[in-house]
Amino acid sequence: MSFTRRLVMAGSALLLGIASATAQAFPNKPITMIVPFAAGGPTDIIARIVGEHMSRTLGQTTVIENVAGAGGTTGITRAAKATPDGYTIAMGHMGTHGAAAGLYPNLGYDPQKDFEPIGLAAGTPIVIVARKDFPANNLQEFMKYVQANQKTLNAAHAGVGSVSHITCVLLHSMLKVDVNEIPYRGTGPAINDLVAGKVDYVCDQIVSVSEQVKGGTIRAYGIATPARSPSLPDVPTTIEGGLPEFQVSAWNAVFAPKGTPPDVLAKLRDALVKAVTDPGTRKKLEDLGGVVPDARGASPEALAELVRSENTRWVALLKERVKQ
Ligand code: MLT
């Protein structure tokens with residue numbers, strides 16, 4: 001064997017050795033989980049609860065990085081372009097991986113092609129919440145008031161394409177109203193302004209409003225699911241309240257950039273499944289109204305299928321409902 005050939009073989013063996021040592025060592029430093037909204041909103045809350053348990057399994061801290069802007073698409077674009085080594089992952093949701101493609105013609109990522117699905121973290125029913133002195137005693141009165149006062153009301157949301165935006169777009173199209181919409185960098189700051197009475201109402205995911213509703217700092221007019229939530233048993237469903245067509249639940253899920261090595265993905269997926277099946281983590285999410293998947297529901301296959309179907313559904317729905 002020539003000297004050159006021996007040198008090439010030795011080099012290849014060395015590279016293979018390094019690659020496998022890297023995979024074996026994963027993770028050997030903190031993992032960044034990008035949350036594409038401000039702190040205090042549903043995406044952030046779910047990421048912190050799930051991320052904390054994933055850190056325990058992985059033996060490394062999962063650091064939450066809030067990268068807000070453009071309805072969550074700024075942070076998710078950053079995640080899509082991150083080095084695919086497992087050290088940058090993201091908490092995406094029904095907006096970033098479903099609806100955004102229908103609202104941003106130049107979206108910086110393809111929700112179906114630019115990610116490796118890790119798994120679903122939680123489902124989150126939508127609740128219509130308003131400032132505590134909103135002049136309506138129930139959903140019927142809320143709808144009538146919005147219809148009669150649409151020019152003077154402000155509905156807050158987390159940016160174009162966010163869950164709070166697209167779900168209020170649906171609500172407004174059902175009520176046939178044109179209400180002023182105020183974008184925030186997340187529903188955390190939007191709910192702060194709702195508590196302060198600076199905006200009138202929000203269509204938010206239950207996990208970031210249930211404590212405020214229970215505390216009486218905001219009021220809830222309806223939960224958009226067929227059954228009431230055990231977390232807010234006194235809040236009627238939109239079916240009970242007289243708006244049965246308003247049925248919508250969001251979802252939040254973990255993604256890695258496309259090309260993340262399979263053995264690294266396997267460790268991240270194992271950590272996510274351990275998190276969502278852990279009784280303590282489940283309880284924290286369920287107490288807030290989250291609907292937590294089982295191991296099968298949190299599988300990458302289930303998430304890939306969810307992204308495919310939600311992407312198709314929302315792009316079609318928004319085409320029909322949003323003024324172009
Ligand atoms: C939304 O899409 O409305 C969000 O989930 C906002 C957030 O997490 O702050």
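The figures here come from the full heavy-atom set of this structure, side chains too, leaving out hydrogens, waters and symmetry mates. All ligand and atom numbering here is 1-based and tracks the order in the structure.
Of the protein's non-hydrogen atoms, the one nearest atom 8 (O) of ligand 1 is Thr43 OG1, 2.5 Å. Among protein heavy atoms, the minimum distance from atom 9 (O) of ligand 1 is reached at Thr187 N, 2.8 Å. Among protein heavy atoms, the minimum distance from atom 5 (O) of ligand 1 is reached at Gln205 NE2, 2.8 Å. Considering only non-hydrogen protein atoms, atom 3 (O) of ligand 1 sits nearest to Ser164 OG, 2.6 Å.
Between Lys144 and Glu141 there is no salt bridge, since none of the side-chain N atoms of the basic residue sits less than 4.0 Å from a carboxylate O of the acidic one. With salt bridges taken as basic N to acidic carboxylate O contacts below 4.0 Å, one links Asp200 and Arg131. Taking 4.0 Å as the cut-off between side-chain N and carboxylate O, Lys274 and Asp270 count as a salt-bridged pair. Between Arg48 and Asp44 there is a salt bridge, since a side-chain N of the basic residue sits under 4.0 Å from a carboxylate O of the acidic one.
In terms of polar-atom proximity, Val163 is counted as a contact of ligand 1, with an N or O under 3.5 Å from an N or O of the ligand.
When each atom of ligand 1 is checked for a heavy atom of Ala158 under 4.0 Å away, the hits are 1 (C), 3 (O), 6 (C). Proximity to Ser162 (heavy-atom distance under 4.0 Å) selects the following atoms of ligand 1: 1 (C), 2 (O), 3 (O). Near Gly186, with a cut-off below 4.0 Å to any heavy atom, the atoms of ligand 1 are 9 (O). If you number the atoms of ligand 1 from 1 as listed, the ones under 4.0 Å from a heavy atom of Gly41 come out as 8 (O), 9 (O). For ligand 1 and His93, the ligand atoms under 4.0 Å from any heavy atom of the residue are 1 (C), 2 (O), 4 (C), 5 (O).
Under the 30°/60° scheme for interplanar angles, the aromatic rings of His97 and Tyr109 are found to be tilted. Aromatic ring pairs are classed by plane angle as parallel below 30°, tilted from 30° to 60° and perpendicular above 60°; the pair Phe142 and Phe134 is tilted.
Ligand 1 is approached by Pro42 to a heavy-atom distance shorter than 4.0 Å.
With 3.5 Å as the limit, one finds no donor-acceptor pair spanning the side chains of Ser55 and Glu52.
Here the closest heavy-atom approach between residue Phe115 and residue Ala80 is recorded as CZ-CB, 3.5 Å.
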